[in-house]
Amino acid sequence: MRDIEIRHLQLVSELQATGSATAAAARLGVTQSAVSHQLRELETRLKTPVCSRVGKRLILTAAGHRLLRVAQDVLPEIDRA
């Protein structure tokens, strides 16, 4: 994966957990606008959608689920370090 940062993995993890940019923002301690910006940036870097918008819910795409699996492996290791 190119140019993926820890914050992107955290974002995908929180989006999966909450299904909402607003709730993810609250858990990450940033604004909803910052979450939306980070998501757009991530999707631009990957050149693929990470989430599908279904009403107010954000549902991970196949690419989003792949990132989620990486996040589930990497983030605990970073915490332990």
Side-chain angles (χ1 to χ4, degrees):
M1 283 186 229
R2 48 191 172 268
D3 300 321
I4 301 299
E5 299 175 19
I6 293 168
R7 66 189 174 102
H8 296 128
L9 297 177
Q10 292 168 325
L11 173 63
V12 169
S13 181
E14 292 302 333
L15 288 172
Q16 173 64 24
T18 64
S20 157
T22 302
R27 289 174 61 154
L28 291 168
V30 298
T31 64
Q32 183 275 329
S33 177
V35 164
S36 295
H37 177 75
Q38 285 181 20
L39 181 57
R40 274 192 310 277
E41 175 189 20
L42 178 59
E43 291 176 332
T44 298
R45 287 182 182 196
L46 296 177
K47 297 180 178 139
T48 192
V50 173
C51 291
S52 295
R53 286 132 185 105
V54 180
K56 291 187 177 189
R57 300 227 6 114
L58 294 172
I59 308 297
L60 295 182
T61 62
H65 279 285
R66 174 70 178 113
L67 284 173
L68 179 62
R69 287 190 299 276
V70 171
Q72 291 169 334
D73 290 339
V74 171
L75 293 175
E77 289 298 321
I78 290 170
D79 287 341
R80 281 191 283 277

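Positions are given from 1 along the sequence.
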* Asked: Distance-only, no hydrogens or angles: does the Ser13 side chain make a donor-acceptor pair with backbone N or O of Leu9 under 3.5 Å?
  -> no
* To do: Please say whether more than 12 non-hydrogen atoms of neighbouring residues, nucleotides or ligands are located less than 6.0 Å from NE2 in His65.
  => yes
* Nearest 0.5 Å please: distance from the OG1 atom of Thr48 over to the CG atom of Leu42. => 10.0 Å
* Could you pull out the closest heavy-atom pair between Ser20 and Leu15, with the gap in Å? => O-CD2, 4.0 Å
Show me the donor-acceptor pairs within less than 3.5 Å that the side chains of residues 51-62 make with the rest of the protein, sequence neighbours left out.
from, atom 1, to, atom 2, distance (Å)
Arg53, NH1, Cys51, O, 3.4
Arg57, NH1, Thr18, O, 3.4
Thr61, OG1, Pro49, O, 2.8
Thr61, OG1, Val50, O, 3.1
Thr61, OG1, Ala63, N, 3.4
Thr61, OG1, Gly64, N, 3.2

* Asked: By side-chain hydrogen bond (donor to acceptor under 3.5 Å, both in side chains), which residues pair with Glu41, not counting sequence neighbours?
  -> Arg7, Arg45
* Got a sec, which pairs hit side-chain hydrogen bond (donor to acceptor under 3.5 Å, both in side chains) with one end in residues 25-34, sequence neighbours left out? -> Glu14-Arg27, Gln32-Ser36
* To do: Return the minimal non-hydrogen interatomic distance between Val35 and Ala24, and the atom names on each side.
  => CG2-C, 4.4 Å
Run the side-chain donor-acceptor check on residues 74-81: report pairs under 3.5 Å with partners two or more places apart or on a different chain.
from, atom 1, to, atom 2, distance (Å)
Glu77, OE2, Arg80, NH2, 2.4

* Asked: Once you round to the nearest 0.5 Å, how far does OG1 of Thr44 lie from CG of Leu39?
  -> 9.0 Å
* With Ala26, which residues qualify under side chain to side chain contact (heavy atoms under 4.5 Å, CB included), at least two apart? -> none
* To do: Please examine the side chains of Val70 and Ile4, heavy atoms only from C-beta on, and report whether any two atoms are closer than 4.5 Å.
  => no
* With a 4.5 Å heavy-atom cut-off, do Leu67 and His8 have their side chains touching? -> no
